[in-house]
Amino acid sequence: MPEKDHSCNSNAREATKETLGLSRRNFFSGIAIAAGSLGLTTIASSAEAASKKYKVCATNAIKVGGGSIFKLSAAGGIQILITQPKSGVFRAFNPACTHQGFRLNSISGTNIICPIHRAQFDTTTGNVTRGPAQIPLQKYTLTVENKNLFVTLNS
Ligand code: FES
């Protein structure tokens, strides 16, 4: 059962942490979600104008070598997987497996693992480290400000 932590949900722009400790032997529920993109625009200025920054959580909410999935209610409920492969290094990905769209649910070493067909993705780059997936995880722009993590999404 995913653990709830509302410590990162103090205003409408912040995220709900759905799960904790994406780490060895600590699995998320196997909820399938549709793989999809955020809708690319062809004009850079339009994309910039439409992009919004959302606070995800404090940096100390992510364990070194682990990760967590957050639901951004203010962004239509989009889910964001945040990893911290090394101390102070944070990455943000779409947690939908690029094989068939199921939600990734665990980390082993430097790999994020899909529970369905066991594809693996690098926790730093999102690149495929084991098939059957062939496409890297979708990445999001993540910034650190005052010990908080913010993700920028295009609407
Ligand atoms: S859905 Fe993830 S490996 Fe098939």
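Bear in mind that the values here come from a model prediction, so they are computed numbers and not experimental data. FYI, the numbering just counts along the sequence from 1. Atoms within a ligand are numbered from 1 in the order they appear, just like the ligands themselves.
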Problem set entry | pair R118-I113: side-chain heavy atoms closer than 4.5 Å | yes
Exercise. Rounded to the nearest 0.5 Å, how far does NZ of K63 lie from CD1 of I107?
Worked result: 11.0 Å
Exercise. Backbone N or O of P132 within a donor-acceptor pair of the Q134 side chain at under 3.5 Å?
Worked result: yes
Exercise. Is the count of non-hydrogen atoms from other residues, nucleotides or ligands lying under 6.0 Å from K86 atom NZ greater than 12?
Worked result: no
For this session: Could you pull out all residues at least two apart from T59 that satisfy side-chain contact (heavy atoms from CB on, under 4.5 Å)?
Result: F90, V144, K147, L149
For this session: Grab the two heavy atoms, one from V64 and one from S87, that are nearest each other, plus how far apart they are.
Result: CG1-N, 3.8 Å
Problem set entry | Closer than 2.8 Å to atom 4 (Fe) of ligand 1 - protein N, O or S atoms, ordered by chain and residue number | H99 ND1, H117 ND1
